[in-house]
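Worth knowing before you read on, the calculation uses all heavy atoms, side chains too, and leaves out hydrogens, waters and symmetry mates. Here the structure is a predicted model, which is why all the values come from computation and not from measurement.
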Amino acid sequence: MSHPEEKLAELGLKLPEVAAPVAAYIPVLRSGNLVYTSGQLPMVDGALPMIGKVGAEVSPEDAKALAQRCALNALAAVKSEIGDLALVKRVVKVVGFVASAPDFTGQPAVVNGASELFGAVFGEAGRHARSAVGVAVLPLDAPVEVELTVEV
């Protein structure tokens with residue numbers, strides 16, 4: 001299997017700098033053979049490319065792309081902790097939060113933006129347990145937030 005960053009390059013993607021925390025927490029923590037990320041917003045160069053609720057101001061398609069960006073940010077955080085994404089044995093758990101309009105019920109399809117990226121990058125080891133949750137609002141009015149747990 002190719003190196004995870006080679007797979008990202010094949011997809012036309014690269015890891016960003018680790019997003020700075022927006023409150024009192026650290027972006028990533030290792031405990032034993034598990035690495036946990038804090039919730040990652042879809043930051044691009046320190047700013048949110050879109051704000052608002054999915055199903056209102058933000059389309060489900062745009063939100064899916066934002067979830068992919070959250071996943072990239074999570075991978076950047078993991079790499080900052082372990083040094084090389086090739087050390088990831090498997091993606092264990094993904095939790096996706098979708099700031100949703102009251103009648104929006106497509107949270108699983110939005111969070112697929114993250115899940116599909118992990119599958120493309122890590123193959124079978126990218127398959128994971130997952131929760132996709134609709135919420136009223138996220139920090140900074142972000143449409144999507146993703147947290148990740150990997151085994152190393």
Side-chain angles (χ1 to χ4, degrees), residues 1-52 54 58-99 106-133 135 137-152:
M1 184 171 148
S2 305
H3 189 280
E5 289 190 62
E6 290 173 0
K7 296 298 282 184
L8 286 170
E10 290 172 15
L11 297 168
L13 302 169
K14 66 176 188 166
L15 291 178
E17 293 296 316
V18 177
V22 299
Y25 60 89
I26 58 175
V28 62
L29 176 74
R30 181 174 182 169
S31 181
N33 65 341
L34 295 176
V35 177
Y36 302 87
T37 70
S38 295
Q40 298 291 311
L41 300 178
M43 298 297 225
V44 176
D45 298 324
L48 289 171
M50 302 181 83
I51 59 170
V54 181
V58 179
S59 73
E61 297 78 21
D62 286 340
K64 182 177 179 182
L66 293 171
Q68 181 186 71
R69 182 59 191 211
C70 293
L72 277 173
N73 289 343
L75 289 176
V78 168
K79 182 181 177 185
S80 77
E81 180 65 26
I82 65 172
D84 186 349
L85 289 180
L87 298 174
V88 172
K89 289 175 67 173
R90 86 164 298 113
V91 176
V92 176
K93 176 82 185 244
V94 173
V95 179
F97 302 96
V98 181
Q107 293 83 6
V110 168
V111 180
N112 278 349
S115 294
E116 290 169 3
L117 179 68
F118 297 136
V121 171
F122 295 108
E124 187 63 26
R127 294 183 50 144
H128 52 269
R130 187 182 90 176
S131 299
V133 181
V135 298
V137 67
L138 288 167
L140 307 177
D141 203 20
V144 184
E145 181 175 350
V146 171
E147 62 182 53
L148 175 64
T149 304
V150 298
E151 179 185 8
V152 295

Hey, could you give me the CD/CZ distance between Q68 and F118, rounded to the nearest 0.5 Å? 10.0 Å
Carboxylate-amine/guanidinium proximity below 4.0 Å for E151 and R90: no
From CD (Q40) to CG (L148), nearest 0.5 Å: 8.5 Å
Output the distance between atom CZ (F122) and atom CG (L117), rounded to the nearest 0.5 Å. 8.5 Å
Between N73 (side chain) and P16 (backbone), is there a donor-acceptor pair under 3.5 Å? no
So, the side chain of S115 versus the backbone of N112: is there a donor-acceptor pair under 3.5 Å, distance only? no
Under the salt bridge (Lys or Arg N to Asp or Glu O under 4.0 Å) rule, collect the residues that match up with E147, sequence neighbours excluded. none
Partner residues of Q107 under the side chain to side chain donor-acceptor pair (under 3.5 Å) criterion, sequence neighbours left out: S100
What pairs meet the salt bridge (Lys or Arg N to Asp or Glu O under 4.0 Å) rule with one or both residues in residues 9-22, with sequence neighbours excluded? K7-E10
Give me each pair satisfying salt bridge (Lys or Arg N to Asp or Glu O under 4.0 Å) with a member in residues 75-84, each pair once, sequence neighbours excluded. E5-K79
Just by modelled atom types, is the D62 backbone N or O under 3.5 Å from a matching donor or acceptor in the S59 side chain? yes
Filter on salt bridge (Lys or Arg N to Asp or Glu O under 4.0 Å), then keep only pairs touching residues 28-46, sequence neighbours left out; what's left? none
Is it the case that the side chain of R69 and the backbone of M43 share a donor-acceptor pair, with hydrogens and angles ignored and the cut-off at 3.5 Å? yes
Going by side chain to side chain donor-acceptor pair (under 3.5 Å), name the residues that satisfy it together with S38, two or more places apart in sequence or in a different chain. none
Counting only N and O atoms by type, is there a donor-acceptor contact under 3.5 Å from the side chain of R130 to the main-chain atoms of P108? yes
